[in-house]
Amino acid sequence: MNAQDFDKDSFKTKSGKELNIYFIKHASLLINYDNYLIYVDPVSMFADYSVQPKADLILITHEHADHFDPKPIEALKKKGTKIIENESVHQKLQEGEAMKNWDTLKVEPFLQIEATPAYNTTPGREMYHPKNRDNGYILNIDGMRIYIAGDTEDIPELQSIKNIDIAFLPVNQPYTMTVEQAVRAAKGVNPKILYPYHYGNTNVEEIRDQLKDDSGIDVRIKQMQ
């Protein structure tokens, strides 16, 4: 399956350039801004990356096998491909650039990235994603702010994430959020558009139902199981 076969949504950035988001599966995404290609958490079990167009940037949130897989990273690389990851992935991959929570990085003149915290808070589940290890990311692409939460619950730090155009929130307890947590997180972040992602058997339609009356958030359900 090549990129054009994935479901996509299209947007216009502040300068009027086209930005397409391709929904691959689970937590795997492709963002195409003016032919600059950003892959998020590419994993072999979700797509054949050997037939995908090469990456300008690869983002890895953390080390779990449904997010970090060296094989597609190698397949997507070309001369000049940049790789950004958290510290634990950097130690395993031995290439790219590590970002810690709240680090910011100007990757291109049109692209700034901020690494955000992502961790579990429910007692007994902290070991899945311990505090200060994993990343989410805020991408500012030509004035469009996209928040990709990574594997996290509705942590207090989400309240400081503002002015988001598009948000991806994970919904699959015990590893990330319940529907109720995702609704709270959405109300805190208050994005213009919300995509639940990283879900399995969770009925993510409930998120749309609970936010439809007064939130003003456009909840879009994509096949990300």
Side-chain angles (χ1 to χ4, degrees), residues 22-31 37-50 52 54-77 81-105 107 113-139 146-158 161 167-178 181-182 185 195-200 202 224-225:
Y22 294 83
F23 306 89
I24 298 175
K25 195 172 183 180
H26 194 61
S28 298
L29 303 165
L30 167 60
I31 300 171
L37 301 185
I38 304 169
Y39 286 87
V40 181
D41 287 347
V43 176
S44 299
M45 71 177 89
F46 303 134
D48 180 2
Y49 285 93
S50 69
Q52 304 306 326
K54 300 296 186 181
D56 295 290
L57 172 65
I58 301 171
L59 284 176
I60 311 297
T61 57
H62 66 292
E63 65 196 63
H64 289 168
D66 57 336
H67 297 261
F68 169 53
D69 180 356
K71 182 179 177 181
I73 294 173
E74 193 62 33
L76 290 169
K77 285 192 318 185
T81 297
K82 297 176 181 178
I83 303 170
I84 293 174
E85 67 261 311
N86 70 325
E87 182 61 39
S88 63
V89 168
H90 185 68
Q91 291 174 8
K92 295 174 185 296
L93 192 62
Q94 292 294 299
E95 64 177 313
E97 185 166 356
M99 294 184 72
K100 296 182 174 65
N101 294 168
W102 301 124
D103 282 353
T104 60
L105 182 65
V107 181
I113 295 177
E114 182 175 7
T116 59
Y119 61 94
N120 284 104
T121 55
T122 299
R125 294 172 179 162
E126 301 94 337
M127 71 286 194
Y128 295 129
H129 307 96
K131 191 173 183 179
N132 299 320
R133 187 192 69 183
D134 302 343
N135 287 342
Y137 297 104
I138 299 171
L139 285 62
I146 302 172
Y147 173 46
I148 301 167
D151 280 11
T152 188
E153 292 186 59
D154 59 334
I155 56 177
E157 292 90 336
L158 297 189
I161 296 175
F168 289 85
L169 296 180
V171 194
N172 71 326
Q173 269 282 30
Y175 305 106
T176 62
M177 299 190 200
T178 64
Q181 286 178 314
Y195 294 103
Y197 83 141
H198 195 291
Y199 61 88
T202 305
M224 297 292 285
Q225 285 176 300

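- G150 and P170 get closest at one heavy-atom pair: O-CG, 3.0 Å.
- Among N120, T121, T152, the one residue that satisfies the side-chain hydrogen bond (donor to acceptor under 3.5 Å, both in side chains) test with H129 is N120.
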Check your understanding: Passes side-chain contact (heavy atoms from CB on, under 4.5 Å), V43 versus H26? Steps please.
Key -> CA-CA 10 Å; V43 176; H26 194 61; over 6 Å; no

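- The closest donor-acceptor contact from the side chain of D151 to the backbone of T176 lies at 3.5 Å or more, if one exists at all.
- Considering all non-hydrogen atoms of both residues, P117 and I155 come closest at O-CD1, 3.5 Å.
- Formation of a donor-acceptor pair under 3.5 Å by the N135 side chain with backbone atoms of M99 is found in this model.
- Not a single donor-acceptor pair under 3.5 Å links the side chain of K71 to the backbone N or O of S44.
- Between T61 and D134 the shortest side-chain heavy-atom distance does not fall below 4.5 Å.
- Y199 contributes atom OH, which lies 15.5 Å from atom CE of M177 (distance to the nearest 0.5 angstrom).
- A donor-acceptor distance shorter than 3.5 angstrom exists from the side chain of E126 to the backbone of G124, with no hydrogens or angles considered.
- A side-chain hydrogen bond (donor to acceptor under 3.5 Å, both in side chains) with S88 holds for exactly one of E63, H62, R133; it is E63.
- Among all heavy-atom pairs drawn from A118 and A149, the shortest one is CB-O, 3.6 Å.
- A parallel orientation is assigned to the rings of H198 and H67, their planes being inclined by less than 30° (bins at 30° and 60°).
- Here CG of N132 is found 12.5 Å from CD of E87. Values are rounded to the nearest 0.5 Å.
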Practice item. Begin from the C-alpha positions of V40 and Y137 and carry the test side-chain contact (heavy atoms from CB on, under 4.5 Å) through to its verdict. Key: CA-CA 10 Å; V40 181; Y137 297 104; 5.9 Å; no

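- Put simply, CD1 on I113 and CD1 on I148 are 8.5 Å apart, with the number rounded to the nearest 0.5 Å.
- Ring planes of Y49 and Y39: perpendicular class, angle over 60° (limits at 30 and 60°).
- Distance check, rounded to the nearest 0.5 Å: CG of L158 to CG of L169 gives 7.5 Å.
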Check your understanding: Between T81 and K54, does a side-chain contact (heavy atoms from CB on, under 4.5 Å) hold up when you go through it step by step?
Key -> CA-CA 8 Å; T81 297; K54 300 296 186 181; 5.5 Å; no

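- Taking CD1 of I73 as the reference point, atom CD1 of I83 lies at 6.0 Å (rounded to 0.5 Å).
- Residue F46 qualifies as enclosed at atom CZ: its count of foreign heavy atoms under 6.0 Å is above 12.
- Between L59 atom CG and I31 atom CD1 the span is 7.5 Å, to the nearest 0.5 Å.
- Judged by distance alone, the side chain of D66 and the main-chain N or O of A27 form no donor-acceptor pair under 3.5 Å.
- For the pair E85 (side chain) and E97 (backbone), a donor-acceptor distance under 3.5 Å is present.
- With hydrogens and angles left out, the side-chain atoms of Y119 and E157 include a donor and acceptor closer than 3.5 Å.
- Judged by distance alone, the side chain of Y197 and the main-chain N or O of S28 form no donor-acceptor pair under 3.5 Å.
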Exercise for review: For the pair Q181 and T122, evaluate side-chain contact (heavy atoms from CB on, under 4.5 Å) and give the outcome as yes or no after the intermediate values.
Suggested key: CA-CA 11 Å; Q181 286 178 314; T122 299; 4.1 Å; yes

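- Put simply, the side chain of D41 does not reach to within 4.5 Å of the side chain of F68, judged on heavy atoms.
- No donor-acceptor distance shorter than 3.5 angstrom exists from the side chain of N172 to the backbone of G200, with no hydrogens or angles considered.
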